[in-house]
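For reference, the structure is listed below as structure tokens.
Nothing here was measured: the structure is a model prediction, and the numbers come from that model. Lettering follows sequence order; numbering is per chain, from 1.
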There are 2 protein chains.
Amino acid sequence: MPEPADTAWLRTVAHEVRSFDRSSTAERVAELLRSRVIEGDLPPGTRLSEEQLVEVLHVSRNTLREAFRLLTHEGLLVHRLHRGVFVPELDEDDLVDLYRLRRTIECDVVRRLEGLDAVRLRPLYDAVAAGEDAARRGDWGAAGTANMRFHQQLVALAGSRRLDETTARLLAELRLAFHAIAVPQRLHEPYVSRNRGLLDLLTAGEVEQAAKELEAYLHDSEAELLAAHRERPRS
Amino acid sequence: MPEPADTAWLRTVAHEVRSFDRSSTAERVAELLRSRVIEGDLPPGTRLSEEQLVEVLHVSRNTLREAFRLLTHEGLLVHRLHRGVFVPELDEDDLVDLYRLRRTIECDVVRRLEGLDAVRLRPLYDAVAAGEDAARRGDWGAAGTANMRFHQQLVALAGSRRLDETTARLLAELRLAFHAIAVPQRLHEPYVSRNRGLLDLLTAGEVEQAAKELEAYLHDSEAELLAAHRERPRS
DNA sequence: ACCTAGAGAGTTGTTGAACAATCCCTCAAG
DNA sequence: CTTGAGGGATTGTTCAACAACTCTCTAGGT
């Protein structure tokens with residue numbers, strides 16, 4: 001029951017900022033940093049200073065470090081002993097590795113699909129539509145986001161919790177690579193329509209053909225990304 | 001309903017925490033707890049009390065909690081807000097999910113294999129031999145360990161860091177389920193010879209046939225485990 | 001008998017300060 | 001140019017205290 005809400009509000013507001021919802025402070029800090037990393041606000045190689053972040057976020061060092069752990073395990077930060085945490089710089093081997101995992105998971109999921117119907121495919125239609133819309137507007141950032149959602153939802157059709165988690169982490173890491181390169185149109189444009197084609201195959205129940213197309217799709221995407229990666233970097 | 005963790009198993013090795021160097025204290029604590037969970041010393045459902053472990057291990061709560069994070073990410077512990085960390089109790093859905101992931105990864109790895117030779121297959125031969133040896137001795141715990149090693153090395157043939165990590169976590173979780181059931185012979189015996197058969201197919205370069213056999217193998221193993229799980233539990 | 005609220009005990013969540021260990025840069029010596 | 005010894009800055013770890021939460025048990029109302 002509410003208390004006499006004269007000054008109690010002032011006394012408790014500071015804490016509400018930290019613990020209103022059901023997650024821990026560390027998780028909320030992690031969420032904050034996660035979005036910054038995923039949005040590309042922090043360039044790869046950046047060191048996240050404990051001192052600075054404690055100052056800005058108004059949390060203790062211990063809590064901040066717990067948030068670091070969470071993100072490190074998601075692959076969004078790397079931790080070097082006695083040196084701190086950094087936004088990862090993915091090299092070509094990482095990109096190849098990530099696409100290897102993508103092909104393994106996504107193609108296998110598609111190949112094993114059965115009993116598809118419009119209801120189950122609904123999230124995929126939404127994602128494809130969002131991608132087409134973003135492309136029309138020339139908003140390639142949004143197109144990239146929609147593409148990620150498409151593939152996440154594709155895997156979600158398998159109904160496997162661990163497959164979903166692995167994919168989420170995989171796509172988050174991949175996003176780091178996209179930001180580091182910054183030629184969004186070239187990387188995203190071809191796949192807007194290919195996503196539509198893939199979805200049409202699924203709607204028709206042609207899972208084997210869809211899997212083959214997806215395999216080629218991912219190979220092409222990997223090649224594009226690697227080529228872009230070789231052109232740009234001057235590190 | 002699990003009582004406070006029995007810490008007798010820890011006292012004998014508490015000093016080990018200090019003997020190693022070269023890694024952080026949290027990692028050493030995690031390694032210690034990891035082996036205890038994997039060996040089945042801590043039954044599923046056990047709560048790991050911060051207070052007790054801090055007392056026994058002589059590390060601070062912060063360090064201990066960092067170790068908890070590591071193990072939580074590996075799936076060897078689960079964390080419930082304001083309630084503590086527990087050894088997970090896997091239900092049938094988890095088992096089905098784990099085998100789904102196994103089939104996806106292992107079968108795909110096998111299917112894409114090429115350029116195999118005796119050198120690359122060497123770790124697999126060793127694991128199979130260890131399994132056969134353990135079976136001869138009737139040491140079904142060791143047979144299980146050898147089996148895990150076989151599958152880990154199988155995936156390692158793909159040469160993918162992330163595939164290896166995912167598999168390591170997957171097999172560690174699966175091991176929890178084996179401990180919870182404890183009919184080791186029935187669960188491990190048939191697969192000693194099937195591993196040998198699988199390896200022969202790989203040696204002959206019959207990857208497609210090996211993949212099909214592995215698919216059936218994993219289905220059978222899953223069915224056995226589920227059946228054993230339904231018979232035993234008295235939760 | 002049932003449920004409901006609430007107090008109390010026990011455990012986890014978070015903080016801030018302190019000190020130790022390590023890295024990295026600078027600068028002097030060879 | 002290389003090597004190695006400070007020294008400053010940052011991370012690793014510990015500790016103690018308090019806040020917040022869960023669980024259990026009890027008292028009171030219906």
Side-chain angles (χ1 to χ4, degrees), chain A residues 1-3 8-33 42 45-73 77-88, chain B residues 1-7 14-33 42 45-73 77-88:
Chain A
M1 290 309 163
E3 305 164 345
W9 178 81
L10 282 174
R11 191 163 52 81
T12 57
V13 66
H15 178 260
E16 283 181 15
V17 168
R18 284 170 311 179
S19 66
F20 190 80
D21 61 309
R22 253 215 251 41
S23 61
S24 71
T25 306
E27 280 167 15
R28 257 167 287 121
V29 170
E31 174 57 37
L32 221 166
L33 295 175
L42 300 165
T46 307
R47 185 172 72 87
L48 277 66
S49 159
E50 294 187 356
E51 198 180 25
Q52 273 184 347
L53 289 173
V54 161
E55 171 78 16
V56 173
L57 297 174
H58 298 99
V59 298
S60 75
R61 262 180 80 208
N62 289 317
T63 301
L64 178 64
R65 287 162 65 84
E66 201 140 313
F68 282 168
R69 287 275 172 203
L70 290 169
L71 296 172
T72 297
H73 295 153
L77 295 176
V78 292
H79 182 188
R80 290 176 222 165
L81 198 62
H82 290 119
R83 298 184 57 208
V85 299
F86 300 78
V87 180
Chain B
M1 37 207 59
E3 282 68 53
D6 172 20
T7 55
H15 65 279
E16 285 181 19
V17 174
R18 307 178 173 212
S19 51
F20 286 79
D21 262 1
R22 223 44 167 169
S23 59
S24 75
T25 307
E27 279 168 16
R28 270 171 282 135
V29 171
E31 174 54 37
L32 226 166
L33 295 174
L42 299 165
T46 307
R47 185 172 72 86
L48 277 65
S49 160
E50 292 188 357
E51 198 179 23
Q52 286 184 34
L53 289 173
V54 161
E55 170 82 15
V56 173
L57 296 173
H58 299 102
V59 297
S60 74
R61 270 180 75 206
N62 289 316
T63 302
L64 177 64
R65 288 160 65 84
E66 220 157 89
F68 282 168
R69 284 276 178 214
L70 290 169
L71 297 173
T72 297
H73 178 258
L77 295 176
V78 293
H79 183 156
R80 301 201 267 251
L81 196 62
H82 288 120
R83 299 183 59 211
V85 300
F86 300 78
V87 181

- Starting at the 5' end of DNA chain C and moving along, which residue's nearest nucleotide shows up first, R83(A) or A26(A)? A26(A)
- Query: Once you round it to whole Å, what is the distance between P of dT10(D) and CZ of F68(A)?
  - Reply: 13 Å
- Query: What's the CG-P distance between N62(B) and dA18(C), to the nearest Å?
  - Reply: 16 Å
- Message: For a quick test of reading the model: is some side-chain N or O of T25(B) closer than 4.0 Å to OP1 or OP2 of dG12(D)?
- Response: no
- Within less than 4.0 Å of OP1 or OP2 of dT14(D), is there a side-chain N or O belonging to T63(B)? yes
- Note on the structure: Between H82(A) and H82(B), whichever has its closest DNA chain C nucleotide further toward 5' is H82(B)
- Note on the structure: Taken to the nearest whole Å, CZ/R28(B) to P/dT14(D) is 9 Å
- Query: Has E31(A) got more than 12 heavy atoms of other residues, nucleotides or ligands less than 6.0 Å from its CD?
  - Reply: yes
- Message: Within the structure provided, determine whether T72(B) and V78(B) are in side-chain contact (heavy-atom separation under 4.5 Å).
- Response: no
- Message: Let me spell it out: for each of G84(A) and V54(B), pick the nucleotide of DNA chain D with the closest heavy atom. Which residue's pick is nearer the 5' end?
- Response: G84(A)
- Message: Donor-acceptor pair, distance only, cut-off 3.5 Å: does the side chain of H73(B) make one with the backbone of H73(A)?
- Response: yes
- dT14(C) P sits how many Å from L57(A) CG, rounded? 14 Å
- Item | For atom CD of Q52(B) and atom P of dG10(C), their distance in whole Å | 14 Å
- Task: Check whether any side-chain nitrogen or oxygen of H79(B) sits under 4.0 Å from OP1 or OP2 of dG13(C), and answer yes or no.
- Result: yes
- Message: Using modelled atom types and a 3.5 Å cut-off, is there a donor and acceptor pairing between side-chain atoms of H58(A) and backbone atoms of V56(A)?
- Response: yes
- Go through the side-chain N and O atoms of R28(B) and T25(B) and say whether any donor and acceptor fall under 3.5 Å apart. yes
- Rounded to whole Å, CZ of R61(B) lies from P of dC15(D) at a distance of 12 Å
- What's the CZ-C1' distance between R69(B) and dT14(C), to the nearest Å? 13 Å
- Message: Of the listed nucleotides (dT12(C), dG12(D), dT14(D)), which one gets closest to any side-chain atom of E50(A)?
- Response: dG12(D)
- Would you indicate what E51(A) reaches in the nucleic acid, counting non-hydrogen atoms under 4.0 angstrom: base, sugar-phosphate, or nothing? sugar-phosphate
- Is the distance from OP1 or OP2 of dT12(C) to the nearest side-chain N or O of R65(B) less than 4.0 Å? no
- Query: Taking CZ from R80(A) and C1' from dG12(D), how many angstroms apart are they, rounded to a whole number?
  - Reply: 17 Å
- Among dT14(C), dT11(D), dT11(C), the one nearest R47(A) by side-chain distance: dT11(D)
